[in-house]
Structure formats: structure tokens, C-alpha cells
Amino acid sequence: MATLLRRLQGPDLAVDLGSATTRVASASSRRTLKAPSMVGRTRALRGGVVVEPDCAVEVLRPLFARIRRFGLARPRVVATVPTDADRDERRTVEEVVRRAGAAAVALAPEPLAAAIGAELDLSLPYAQLIVDIGYGVTDCVVVRSGGIIESSARRVGCGDLEEALVRYVADRHGAVISAAAAREAMLGLWLDPEPRWSGRKKLVCERGGARGGEVMVELANLAEALAPARERILGVVERLTREVPDGIGAELVESGLHLTGGGALLPGLPAALARRTGLRVRRFPDPLGAVIQGGRRLIESVTRQGAWS
């Protein structure tokens with residue numbers, strides 16, 4: 001009878017509410033759905049936390065409906081949050097997920113979920129550093145023997161680099177490029193400084209531009225425009241590695257830095273992190289999907305511990 005009731009309830013879900021993209025995964029399959037974290041021009045999140053609850057509900061509700069399909073009862077949901085989310089921000093996530101259709105909610109730190117999704121062995125008795133550079137937040141944790149022993153987060157991420165690129169083109173060239181065009185341009189740039197910054201790059205504009213809706217930008221000038229946001233991102237990680245106790249620092253030299261999130265895909269950023277921290281940088285195999293896959297794997301653990309609220 002219990003098994004039948006469980007099937008009728010439908011699968012439990014995991015949610016990764018990202019500043020750029022929201023992902024939902026089912027506990028019973030590898031299926032993952034995703035959608036932009038915005039409705040019209042309204043962004044549901046900024047800095048990795050919900051700032052427009054109604055918008056967040058509108059994003060989540062159809063994803064829940066699509067991935068559940070045959071379930072009759074409301075699902076239980078594991079949702080991930082930045083490590084520095086305060087009580088009000090965590091409560092807002094819980095309320096949004098419930099309004100979208102959840103019967104119970106459990107919250108998990110995003111970098112920890114990413115490590116679990118990448119199948120990193122967190123039970124090891126020495127320190128390991130996980131750095132999640134997302135669209136709106138750079139979030140770092142040091143784990144040892146299954147628990148977080150150090151953490152640092154700042155509300156700066158790939159979105160700040162993207163916005164800096166858009167502002168530079170508007171101010172310098174009087175042209176407007178879309179967020180998508182800026183994102184594509186970022187994937188073609190080298191974000192570790194000298195000697196890679198040379199030459200020019202063509203950007204397609206939504207309006208304005210010298211001719212044909214295009215502008216040519218000097219990469220050296222673009223590097224200067226991106227430098228403040230890049231330095232803030234690198235600074236979060238560098239400060240944590242410098243402030244941990246010597247014993248932990250020595251263990252990190254051995255274990256290295258594990259990188260995930262959209263920042264892991266930006267050319268040169270892993271190299272810049274290695275240069276600034278002195279640590280070997282290893283990129284997770286699926287940096288964009290690690291958090292949601294970790295959330296999906298956490299469902300069983302939350303159920304076993306009875307940690308639903």
C-alpha cells in the first residue's frame with residue numbers, strides 16, 4: 001500500500017534556482033527541465049537569491065507540472081541556495097517553492113550540491129575546496145569529512161562580467177548588444193590578463209553600431225572594462241585561500257580547487273584562479289548541471305534523515 005501511494009504521489013524533485021537559469025530534476029529519472037529565470041523583462045533572482053517571488057513562482061510552476069505529469073499529490077522538493085543566504089532569503093525560497101506546488105521543502109548549499117553532483121568524495125578526511133562561479137554569486141566552500149568547515153560568498157558572478165561588456169559597448173560605441181550576444185562574446189574572450197589581450201573582436205548589435213549592426217572592439221579596452229568584475233570574482237576565492245588556517249591551506253595545496261558553475265566555462269578564468277591562489281584547478285565535468293544533479297541525489301539523503309520541512 002505504501003509503495004502504491006508513493007507512486008501515486010509522483011516523484012520528488014530538485015530545484016536549482018539560478019540567477020540566469022532555473023533547473024528542475026526528478027528523483028526518479030535523469031530528466032532535467034530548464035527555463036530562463038525571468039518573465040518578460042523581470043528577473044526573478046539577483047545575486048543568486050529571489051528578489052521577485054511572484055516571478056519565481058511563474059518560472060517554477062510550469063516546470064513542476066511538466067516534470068511530474070502523472071503524480072496526484074504535491075512533490076517534496078530539495079532546493080539549493082547560496083551559502084551566505086540569510087534567514088529571510090532562505091524563507092523566501094521555501095515560500096516560492098511551496099507556492100509553485102511543493103508539499104515539503106529542504107534547502108541545500110549550492111557548492112555542496114555541485115560537489116555531490118560531480119561525484120566528488122566528500123567523506124575524505126582532508127580539506128577540499130569547491131568554487132561555484134554562477135551568474136549572480138561566487139560561492140566557495142571547504143569541505144572535510146562530509147561537512148563544510150569554511151565558506152565565503154559574494155554577490156558577483158558571470159552576470160557582472162556580461163553587464164560590464166554591455167555597458168562598455170554602449171558607452172564607447174553607442175550601440176546596444178543583447179545579453180545573449182554578450183554571453184556568446186564572453187565565451188570567445190580570454191579572461192586571464194596579459195599576454196592574451198590583443199587584436200579586435202566583432203560584436204553583433206541589437207541597434208546602433210558603425211555599419212550593418214556590428215561594432216569592432218579593441219580587446220585591450222574590453223579587458224580594462226571587465227577587470228573590476230573579474231577582480232571581485234577572483235578576490236572572493238583568493239581571500240578564502242589566504243584566510244584559512246595553515247593546516248587547511250596545506251591540505252588544499254594537495255587536493256586543489258574544484259571549479260563549477262558558468263565561470264568554469266569562461267576561457268582563461270580557471271587559469272586566472274590558479275595564478276591567484278597557487279592551487280591546481282580542476283573543472284567539474286558538467287559545471288552547469290552539477291548543482292541540479294547534486295540536488296537530485298540529495299533527495300534520498302533528506303528522506304532518510306527525515307529533514308523535510
Side-chain angles (χ1 to χ4, degrees), residues 14 16-18 47-49 78-90 93 106-134 136-157 232-261 263-264 269-270 272-287 290-302 304-307 309:
D16 173 18
L17 270 170
V49 296
V78 169
T80 59
V81 293
T83 57
D84 70 335
D86 61 30
R87 181 180 300 178
D88 289 340
E89 291 167 339
R90 293 169 67 88
V93 171
L107 302 182
E110 287 174 0
L112 196 64
I116 293 170
E119 299 185 356
L120 194 66
D121 186 355
L122 301 182
S123 68
L124 296 175
Y126 55 80
Q128 300 180 86
L129 173 60
I130 298 103
V131 175
D132 183 0
I133 302 177
V137 61
T138 297
D139 205 347
C140 317
V141 295
V142 178
V143 297
R144 182 200 276 159
S145 300
I148 296 175
I149 58 174
E150 301 282 349
S151 66
S152 178
R154 186 173 179 182
R155 307 298 170 85
V156 60
R232 291 201 303 275
I233 291 170
L234 296 176
V236 180
V237 188
E238 184 180 16
R239 279 192 299 274
L240 178 60
T241 58
R242 291 183 181 276
E243 292 173 359
V244 296
D246 290 344
I248 294 175
E251 293 177 6
L252 294 181
V253 170
E254 293 296 321
S255 61
L257 183 160
H258 302 276
L259 182 61
T260 188
L269 198 56
L273 281 170
R275 186 195 301 266
R276 293 287 286 271
T277 65
L279 302 176
R280 291 172 298 165
V281 176
R282 299 179 176 92
R283 189 178 71 181
F284 282 172
D286 181 14
V291 170
I292 189 63
Q293 292 305 323
R296 186 177 63 81
R297 291 190 176 106
L298 278 167
I299 291 171
E300 181 180 353
S301 175
V302 171
R304 187 169 57 249
Q305 298 171 19
S309 64

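Counting from 1, the numbers follow the sequence of the chain as shown. Worth knowing before you read on, the calculation uses all heavy atoms, side chains too, and leaves out hydrogens, waters and symmetry mates.
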*CG (Asp246) with more than 12 external heavy atoms under 6.0 Å*: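 No - once you tally the heavy atoms of other residues, nucleotides and ligands closer than 6.0 Å, there are 12 at most.
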*asked:* Are there over 12 heavy-atom neighbours, none belonging to Arg304, within less than 6.0 Å of that residue's CZ?
replied: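 It does: Arg304 CZ has more than 12 such atoms within range.
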Note, [X] side chain near [Y] side chain (heavy atom, < 4.5 Å):
X: Thr260; Y: Pro111; answer: no
X: Pro109; Y: Val141; answer: no
X: Val253; Y: Leu279; answer: yes

*I would like to know whether Arg155 and Asp84 meet side chain to side chain contact (heavy atoms under 4.5 Å, CB included); could you show each step before the answer?*
CA-CA 9 Å; Arg155 307 298 170 85; Asp84 70 335; 3.1 Å; yes
About how many Å separate [atom2] of [Y] and [atom1] of [X], when rounded to the nearest 0.5 Å?
X: Glu110; Y: Asp132; atom1: CD; atom2: CG; result: 6.0 Å
X: Glu150; Y: Thr83; atom1: CD; atom2: OG1; result: 11.5 Å
X: Arg275; Y: Leu273; atom1: CZ; atom2: CG; result: 11.0 Å

For [X] against [Y], the heavy-atom pair lying closest together:
X: Gly256; Y: Arg282; answer: CA-NH1, 3.8 Å
X: Arg276; Y: Arg242; answer: O-NH2, 4.3 Å
X: Ala264; Y: Pro287; answer: CB-CB, 3.8 Å
X: His258; Y: Phe284; answer: CB-CE2, 3.4 Å
X: Pro82; Y: Asp139; answer: CA-OD2, 3.2 Å
X: Val137; Y: Ala153; answer: CG2-CB, 4.4 Å

*asked:* For a side chain to side chain contact (heavy atoms under 4.5 Å, CB included) check, start with the C-alpha distance between Glu243 and Leu240, then their side-chain angles and the critical distance, and finish with the verdict.
replied: CA-CA 5 Å; Glu243 292 173 359; Leu240 178 60; 5.8 Å; no
_Evaluation steps, side chain to side chain donor-acceptor pair (under 3.5 Å), between Ser301 and Gln305_ = CA-CA 6 Å; Ser301 175; Gln305 298 171 19; 3.1 Å; yes
*asked:* Using the rule given for side chain to side chain contact (heavy atoms under 4.5 Å, CB included), can you reason through Thr241 versus Leu257, listing the C-alpha separation, both sets of side-chain angles and the distance that settles it, and then say yes or no?
replied: CA-CA 10 Å; Thr241 58; Leu257 183 160; 5.5 Å; no
_As a test of understanding, state which of Val131, Leu269, Val237 forms a side chain to side chain contact (heavy atoms under 4.5 Å, CB included) with Leu259._
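Running side chain to side chain contact (heavy atoms under 4.5 Å, CB included) over Val131, Leu269, Val237 with Leu259 returns exactly one hit, Val131.
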*asked:* Can you tell me which residue among Leu124, Ile248, Leu122 is in a side chain to side chain contact (heavy atoms under 4.5 Å, CB included) with Arg144?
replied: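 The single option meeting the side chain to side chain contact (heavy atoms under 4.5 Å, CB included) with Arg144 is Ile248.
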Sequence neighbours left out, cut at 3.5 Å: what donor-acceptor pairs do the side chains of residues 112-121 make with other protein atoms?
residue : atom : partner : partner atom : Å
Glu119  : OE2  : Arg297  : NH2          : 3.2
Asp121  : OD1  : Ser123  : N            : 3.1
Asp121  : OD1  : Ser123  : OG           : 2.6

*Does Arg280 reach the main-chain N or O of Glu254 with its side chain, forming a donor-acceptor pair under 3.5 Å?*
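Such a contact is found between Arg280 side chain and Glu254 backbone.
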_Leu129 vs Cys140, test: side chain to side chain contact (heavy atoms under 4.5 Å, CB included). Steps then yes/no._
CA-CA 7 Å; Leu129 173 60; Cys140 317; 4.3 Å; yes
